[in-house]
Amino acid sequence: MSTSTNVKEIGYAFLKTYYQRMRNDPSKIHHLYSATAELTHVDYQVDLISDKPSLPTIKLIGKDNINKYYTRHSKKVTTVKVKVDSCDFQFTGSNNVSILILAVGEMCWSQTPSYRFCQTFILTPATNNPEIYDVTNDILRFIPEVTLTLHETEPNFDPKAAL
Amino acid sequence: MSTSTNVKEIGYAFLKTYYQRMRNDPSKIHHLYSATAELTHVDYQVDLISDKPSLPTIKLIGKDNINKYYTRHSKKVTTVKVKVDSCDFQFTGSNNVSILILAVGEMCWSQTPSYRFCQTFILTPATNNPEIYDVTNDILRFIPEVTLTLHETEPNFDPKAAL
Amino acid sequence: TLTSESIEYPFYINTTEEEFASARAQRHEITLKVLRKEINRLE
Amino acid sequence: TLTSESIEYPFYINTTEEEFASARAQRHEITLKVLRKEINRLE
């Protein structure tokens, strides 16, 4: 990815590369990360086909653990489909060469319902080649669909009438 | 805020300070930011009391602009109320002393409906005093309530029956 | 060593659960109004 | 100079809008099932 000054281009190119590599070659995703990267991502051990409003996540640190994680779950990882609804980008870090990304959207896998998520990344130019960015931080958080918990206590709220 | 090694404590203390200062003294919020901080936050010029599923944001850079922004809108800013549903924290940056925060929750102001949001921050130890953190990045993104856009095209979906 | 952590339970700032409920009630009504419009549109 | 930017329109990766619609339909059904249970509970 070229380091044109435009943070949106770099960020957009990264997101495409990141999710497409999950489908195309999970065993190569860890190459996107720095040696000591921290990752909070889907706990693929749970059943993704469920009625639950959101999914749990697990925490990992280091390129090797990240590689083990993606390869162990590659069967599910390769079926990931993503709709990004919005994306925000800012330069950050010392002399402003790193990039902060906040993506919001929906994700699904084969046969599963869609799950709402937000995800934040920090990309930092690789020490050996500033043209290339390493992911140093990757946090995925699922956002439970609003359960319209209609409490009796809600003052003037009559569910039947509202519908 | 003390730099205990526990990222959760530092992050939690920051979030409390950040939102409480909005209510207590909007003219002092800019002190939390670094000189060249970047902020993407609520566009307070729009009417917050509306049926819209989410709110627009504006982009600012630099402590002075951030100060002008909070003081100009202080009447609305001071009424902010926040429910944080979940929060993720990671150390980041050179020698891992900065902190990345991803918060997800709901926000409202006086007489307004609640608005779902996610917000990401990067905190960096102040150059003159590593015990204190400066906000170098602050991105707020509103998440539209799911509009159950029930298309005819949805295969076996009969809305009336479902209800 | 893993440094990432999370807070998984909700907490309130500048408000209480009860006080926040009225803002949420407003949001529910807006969402349900949209839902009703949707359903009427489909009929 | 301001460097922050946003993409405000949706885009799809590894899928298309049509293909994604079935996952969303499943999600709608789950949400509406919860809604129905809620309403019955309140009666």
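In what follows, chains carry the letters A, B, and so on, assigned in the order in which the sequence lines appear, proteins first and then strands, with residues in each chain numbered from 1.
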### Query
So, do C:Q26 and B:T112 sit near enough that their side-chain heavy atoms are less than 4.5 Å apart?
no
#### Entry: C:E19 portion near chain B, given a 4.5 angstrom heavy-atom threshold
side chain
### Task
Pick one of side chain, backbone, both or neither for B:T78, based on which atoms fall under 4.5 Å of a heavy atom in chain C.
neither
### Query
To the nearest 0.5 Å, how far apart are OG1 in C:T15 and CZ in B:R23?
9.0 Å
### Heavy-atom proximity to chain B below 4.5 Å, by part of C:Y12
both
### Task
Look at atom NZ of B:K52 and say whether more than 12 heavy atoms of other residues, nucleotides or ligands are closer to it than 6.0 Å.
no
### Query
Measuring heavy-atom distances to chain B, does C:I30 have an atom under 4.5 Å in its side chain, in its backbone, in both, or in neither?
side chain
### Query
Roughly how far apart are B:K8 NZ and C:S4 OG, rounded to 0.5 Å?
11.5 Å
### Query
Among B:V104, B:D85, B:V84, whose side chain to side chain contact (heavy atoms under 4.5 Å, CB included) with C:P10 holds?
B:D85
### Task
Side chain from CB out, backbone as N, CA, C, O: work out which of these in B:L100 comes under 4.5 Å of a heavy atom of chain C, or both, or neither.
neither
### Message
Nearest 0.5 angstrom please: C:R27 CZ to B:E106 CD, how far?
### Response
9.0 Å
### Task
Please examine the side chains of B:Q20 and C:I13, heavy atoms only from C-beta on, and report whether any two atoms are closer than 4.5 Å.
yes
### Message
Under a 4.5 Å cutoff for heavy-atom pairs, which residue among B:S86, B:C108, B:C87 has the most contacts with chain C?
### Response
B:C87
### Query
Taking every heavy-atom pair that is under 4.5 Å apart, which of B:T79, B:I99, B:V80 has the most such pairs with chain C?
B:V80
### Minimal non-hydrogen separation, C:N14 against B:K81, with atom names
O-CG, 3.7 Å
